[in-house]
Amino acid sequence: MQRRALLLAAAALPMTSIAPAGAQAVDPARATAFIQATGQELVSAINGAGGVAQRRAQVAAVLRRAVDVEGVGRFILGRYWRTATADEQQQYMRLFEETLIRNLSARFGEYQGVRFSLGRAQQRTEDDTLVNTVIERPNTAAFSLDWRVADVGGQPRVVDVIAEGTSLRLTTRSEYAAVVSRNGGRVSALLDAMRSQVAQLAARERS
């Protein structure tokens, strides 16, 4: 349940053709243009003149527009989505969005001077296209992020982020399922764990 999920070496995690429900293929050129525009928006927000809190809010706004939060969230909860009550589903989606956006925002850092460049784009499955990017931050080694882009409701949307070989949605799905399983199948236990994680991320941002 920690942000380390994005940093694990994941040679054991296979690439998957499974995409969130409703996702359809998007051609590489369109996916690349979408990620390029999104990346430019992110860099502009991070390198803007406002304070850290303002820049973080702008980054979060860009990510909310770019990511298929609902589709990815339901994919990650998996079969437990069907066993959750309507209230639990609503709480889960709210907590998932906050956790996801905070985690992705942290990948770009809080410091100005971030640079973003495009790598290869290739259609990996019938459902999505993988677009490679390289993120450079001051005084930090450059790192690679791969964005899985699918057509969701007629618009390109990010349906997964792969950092250092690790799929965010697969790793998080495994972690969430383990929490629910350890607690007798209760989704409420996962919600408690997610609230704790959000509080930890918020405290880290304030430090």
Reported CG-to-CG distance for the pair Asn132 and Leu145, which is rounded to 0.5 angstrom: 8.5 Å

Inter-residue atom distance Asn183.CG - Leu190.CG, 0.5 Å rounding: 9.0 Å

Donor-acceptor contact present, side-chain Asn47 to main-chain Gly113, <3.5 Å: yes

Where Gln123 and Val26 come nearest, the two heavy atoms and their spacing: OE1-O, 4.1 Å

Val180 vs Tyr176 side-chain heavy atoms within contact, under 4.5 Å: no

Flag if over 12 foreign heavy atoms under 6.0 Å of CG, Asn139: no

Flag, side chain of Ser174 to backbone of Leu170, donor-acceptor distance under 3.5 Å: no

Heavy-atom side-chain proximity of Arg82 to Arg79 below 4.5 angstrom: yes

Point-to-point distance, once rounded to the nearest 0.5 Å, from CH2 of Trp147 to OG1 of Thr133: 6.0 Å

Closest contact, heavy atoms only, Gly154 versus Arg30: O-NH2, 3.1 Å

Gln91-Arg195 side chain donor-acceptor pair, cut-off 3.5 Å: yes

Heavy-atom side-chain contact between Ile162 and Arg148 under 4.5 Å: yes

Heavy-atom pair of closest approach, residues Pro156 and Val149: CB-CG1, 3.9 Å

Whether Gln89 side chain and Trp81 backbone form a donor-acceptor pair below 3.5 Å: yes

Crowding at CD, Gln90 (>12 non-hydrogen neighbours, <6.0 Å): no

Atom pair CE/CD of Met93 and Glu70 - distance to nearest 0.5 Å: 5.5 Å

Within-4.5 Å side-chain heavy-atom neighbours: Val158 and Val161: yes

Nearest heavy-atom neighbours spanning Asp128 and Ala150: CB-CB, 4.1 Å

Over all atoms of both residues, closest heavy-atom pair of Arg55 and Gly48: CD-O, 3.6 Å

Thr83: side-chain contact (heavy atoms from CB on, under 4.5 Å) partners, not counting sequence neighbours: Tyr80, Val187

Distance-only polar pair, side chains of Asp27 and Thr129, donor-acceptor under 3.5 Å: no

Any Glu88 side-chain heavy atom under 4.5 Å of Leu191 side chain: yes

Value rounded to 0.5 Å, distance of CD1 in Ile46 from CZ in Arg115: 13.5 Å

Connected via hydrophobic side-chain network under 4.5 Å: Val114 and Val134: no

Exercise: identify the closest heavy-atom pair between Phe75 and Arg173: O-NH1, 2.8 Å

Validation row: Leu100, Val67 side chains within 4.5 angstrom (heavy atoms): yes

Short side-chain donor-acceptor distance under 3.5 Å, Asp151 and Gln155: no

Worked verdict on Leu118 versus Thr32 for side-chain contact (heavy atoms from CB on, under 4.5 Å): CA-CA 8 Å; Leu118 288 168; Thr32 298; 3.8 Å; yes

Met194 side, atom CE; Phe96 side, atom CZ - distance, nearest 0.5 Å: 7.0 Å

Check: Phe116 and Gln40 side chains under 4.5 Å, non-hydrogen atoms: no

Arg157 backbone acceptor or donor facing Arg65 side chain under 3.5 Å: no

Flag for Arg169-Ser167: side-chain donor and acceptor within less than 3.5 Å: no

